[in-house]
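Here the structure is a predicted model, which is why all the values come from computation and not from measurement.
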Amino acid sequence: MISKSLEIQSHGGVNFPTGVSLLKDSLRNKGTAFSAEERDALGLKGLLPPRIFSMEEQVERALKQFRKKESDLERYIFLTALQQRNETLFFRLLLDHLEETMPIIYTPTVGQACLEYGGIFRSPRGLWISIEDKGNVESVLRHWPNQGVRLIVVTDGERILGLGDLGALGMGIPIGKLALYTACAGLHPYYCLPITLDVGTNNEKLLEDPFYIGLPRTRAKGAEYEEFLEEFVAAAQKVFPGSLIQFEDFGNHNAFDLLGKWRDRICCFNDDIQGTAAVALAGLIAATKETGVPLRDQRVLFLGAGEAGTGIGELFVSALGEEGVSEAEARLRCWFVDSKGLLIKNRGDEMPKHKLPFAHEGEHVASLAEAVEKIRPTALIGVSGVGRSFTADVLRSMAAINERPVIFALSNPTSKAECTAEEAYLHTDGRGLFASGSPFKGVEYQGRTIHPGQGNNVYIFPGVGLGALCCAASRVDDSMFLAAARTLAAEVTTEDLSRGSVYPSLTRIRAVSLKIAKAVAERAYALGYAKIPRPADLEQHVAERMFVPNY
Ligand code: NAD
């Protein structure tokens with residue numbers, strides 16, 4: 001379980017650092033905001049310039065410097081340095097200017113930061129554990145200075161965003177995700193540990209680069225990989241008991257295997273599969289308020305049948321199950337087109353396990369346009385990584401079939417989106433309900449501005465993690481993600497919808513995360529997963545555990 005935020009902030013009161021050590025302690029440093037009394041009492045006199053600034057003034061100054069930088073990568077480096085120096089100020093800046101800073105600390109800039117990680121790496125944040133540490137993973141984990149860790153985000157760097165195998169350079173991802181946990185759900189940074197498992201890389205360019213920071217070997221696979229992952233999970237549970245492990249940006253095959261192996265044994269989840277599923281499902285549920293077509297009457301056609309697509313399909317099936325639809329019937333409401341055409345039984349190719357439950361009886365259909373004509377979907381979801389694959393014809397067909405067609409182009413980055421917001425509105429006569437993975441600006445259409453929503457996982461995973469940790473959950477199961485999705489959908493207001501968005505404004509993210517955390521903890525209690533007695537006021541219990549970045 002995690003403690004009240006204030007208890008952690010004063011954690012270790014006996015050994016409270018002073019002088020230079022305090023200024024180097026990023027969790028306690030206030031920089032020029034230390035008061036005259038604090039400077040006297042804590043041995044800071046002379047170590048700081050004499051003028052004292054308020055936190056508001058510090059934020060203003062930092063923002064000015066941030067905006068002065070000439071490129072997004074430089075802004076990323078600036079924010080990383082600030083985080084290294086003064087986390088309270090870093091998170092205050094993030095939270096107060098989330099729409100401006102999120103694309104820097106996370107996608108799309110974090111992708112570029114990963115590509116250049118070797119060059120911009122300054123000081124350690126997070127642990128690299130390499131396959132050469134096999135047999136000694138526990139001792140490497142014990143090198144982390146803070147043994148109070150409760151939340152681990154881990155990647156093996158094989159599928160970093162849409163950029164593919166970046167090996168050890170993937171570290172930017174767990175760091176960025178954890179920053180979002182703190183900014184968006186108030187998970188105290190004290191509890192957070194980013195980890196990159198370096199099992200090698202199959203990226204030829206990196207293997208040939210003399211300055212590559214990871215192991216210059218090809219990826220471990222088979223038994224070597226599995227034993228290493230097994231050792232890592234067991235050691236993490238031993239060194240940080242009860243911690244939640246979030247698997248992030250693993251390759252498709254390993255992502256499904258790891259989740260299948262651990263989901264019923266420890267507190268863990270995979271954001272690419274389950275977080276994406278919940279955010280997309282929330283968008284579908286919110287859209288029903290506009291389309292008037294209930295969820296149980298939806299027919300969804302997916303382009304792409306990978307981690308994201310089949311993850312959404314599975315959660316959609318669970319949601320329909322809650323509404324009394326049988327599993328077989330619910331699966332028939334989900335159709336997939338992948339790189340080989342419509343997913344049907346006996347297609348003749350060897351299908352991975354995650355696709356099989358969605359392979360229906362049917363005839364071969366090669367193109368998406370044909371599939372739309374045949375399936376007549378109410379919603380079209382793009383998770384293929386293939387840019388501009390929702391052509392004008394496809395969008396026009398959706399508009400001919402539906403009064404309010406639901407069009408989600410979730411592939412990232414922007415260049416990979418299946419269509420742009422503008423195309424979605426143009427080819428559906430402004431009737432489309434559009435959401436995307438990467439942000440799109442508002443679109444002028446026939447005298448009004450439509451502001452599309454972003455189906456960003458940040459609406460889901462921080463709240464899910466916070467909820468699980470606040471009740472010391474032993475598991476995170478799909479019904480908790482379902483609860484998160486329904487809660488998120490309920491937070492979408494008529495104002496959000498009339499602006500064109502099936503998601504709430506990011507300015508309300510903390511309030512939304514709190515509601516999600518409560519709903520997730522509620523499910524954990526109902527399922528018997530929560531390991532602490534249920535507090536009388538669950539929402540207050542969670543709220544008190546949210547870190548507010550103030551001095
Ligand atoms: P994945 O590699 O597991 O799956 C990709 C799928 O697309 C595979 O089934 C593949 O067969 C299919 N595909 C490839 N080429 C195709 C083509 N030409 N036509 C039809 N299908 C094709 O990847 P993933 O993790 O499922 O991610 C897919 C995309 O979704 C990525 O671009 C990712 O950025 C995006 N995504 C978005 C969000 C979000 O917006 N919240 C979250 C997760 C993933």
Side-chain angles (χ1 to χ4, degrees), residues 73 76-77 80 84 110-145 149 152-178 192-240 245-259 261-262 268 270-272 307:
L73 188 63
Y76 177 89
I77 295 168
T80 306
Q84 216 65 46
V110 74
Q112 197 194 346
C114 284
L115 287 169
E116 307 202 22
Y117 216 78
I120 63 175
F121 173 72
R122 299 284 189 279
S123 51
R125 172 164 289 273
L127 284 175
W128 273 281
I129 306 177
S130 96
I131 192 111
E132 291 183 354
D133 300 318
K134 207 162 162 235
N136 295 307
V137 173
E138 182 184 330
S139 66
V140 178
L141 284 169
R142 291 197 189 280
H143 289 164
W144 188 248
V149 168
I152 293 170
V153 176
V154 59
T155 186
D156 73 353
E158 188 171 3
R159 199 230 56 174
I160 295 298
L161 305 168
L163 301 167
D165 184 351
L166 296 190
L169 304 183
M171 183 59 113
I173 297 299
I175 290 176
K177 282 261 155 141
L178 285 166
C192 302
L193 172 56
I195 295 185
T196 294
L197 299 176
D198 185 352
V199 297
T201 178
N202 293 341
N203 183 327
E204 294 291 336
K205 255 173 84 182
L206 294 181
L207 289 173
E208 283 162 17
D209 179 355
F211 296 110
Y212 172 54
I213 58 172
L215 289 182
R217 57 158 283 178
T218 54
R219 274 189 179 273
K221 54 183 185 184
E224 188 189 16
Y225 180 88
E226 283 163 30
E227 283 162 19
F228 178 59
L229 265 290
E230 178 99 32
E231 182 185 344
F232 163 69
V233 175
Q237 292 298 303
K238 186 169 171 199
V239 178
F240 307 114
I245 299 183
Q246 176 172 328
F247 298 111
E248 193 66 42
D249 283 7
F250 281 77
N252 185 307
H253 173 72
N254 289 329
F256 283 110
D257 281 1
L258 278 169
L259 186 61
K261 183 166 185 183
W262 294 105
C268 69
N270 178 307
D271 182 54
D272 307 305
E307 290 174 52

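Considering only heavy atoms from C-beta on, Ile213 stays 4.5 Å or farther from Met171 through its side chain. Using a 4.5 Å cut-off on side-chain heavy atoms (C-beta onward), Leu127 and Leu193 make contact. Counting heavy atoms from C-beta outward, Tyr225 and Asp257 have side chains that stay 4.5 Å or more apart. Put simply, the side chain of Phe232 reaches to within 4.5 Å of the side chain of Val154, judged on heavy atoms. Side-chain contact check for Ile195 versus Leu141: some heavy-atom pair is nearer than 4.5 Å. Residues Leu161 and Val110 have side chains in contact (heavy-atom distance under 4.5 Å, counting atoms from C-beta outward). The side-chain heavy atoms of Thr196 and Ile173, taken from C-beta on, include no pair separated by under 4.5 Å.
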### Message
Is there a salt bridge (Lys or Arg N to Asp or Glu O under 4.0 Å) between Glu231 and Lys134? Walk through the geometry before answering.
### Response
CA-CA 8 Å; Glu231 182 185 344; Lys134 207 162 162 235; over 6 Å; no

### Message
Run Asn270 and Phe256 through side chain to side chain contact (heavy atoms under 4.5 Å, CB included) and show every step you take.
### Response
CA-CA 9 Å; Asn270 178 307; Phe256 283 110; over 6 Å; no

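Annotation for Glu307 and Asn252: closest pair OE2-CA, 3.1 Å, computed over non-hydrogen atoms. Contact between Ala235 and Val137 at its shortest, heavy atoms only, is CB-CG1, 4.0 Å. When all heavy atoms are compared, the tightest approach of Asp198 to Ala168 is OD2-CB, 3.7 Å. Minimum heavy-atom separation, Val153 to Glu248: CG1-CB, 3.9 Å. Considering every non-hydrogen atom in both Leu73 and Ala113, the closest pair reads CD1-CA, 3.7 Å. Between Leu166 and Cys114, the shortest heavy-atom distance links the atoms CD1-CB, 3.8 Å.
For the atom pair Thr80 OG1 and Ile175 CD1, the distance stands at 7.5 Å (nearest 0.5 Å). Here Ile131 contributes atom CD1 and Glu224 contributes atom CD; the two are 4.5 Å apart, rounded to the nearest 0.5 Å. Distance check, rounded to the nearest 0.5 Å: NE2 of His253 to NZ of Lys221 gives 10.5 Å. Considering CZ of Phe250 and CG of Leu259, their distance stands at 11.0 Å, rounded to 0.5 Å. We find the CZ-CH2 distance between Phe240 and Trp144 to be 8.5 Å, quoted to the nearest 0.5 Å. Rounded to the nearest 0.5 angstrom, Arg159 CZ and Asn254 CG are separated by 12.0 Å.
When each of Thr155, Ile160, Asp156 is tested with Glu158 by the rule side-chain contact (heavy atoms from CB on, under 4.5 Å), just one qualifies, namely Asp156.
Residues Tyr212 and Asn203 have side chains that never bring a donor and an acceptor to within less than 3.5 angstrom of each other.
A salt bridge links Glu230 with Lys261: at least one charged nitrogen is closer than 4.0 Å to a carboxylate oxygen.
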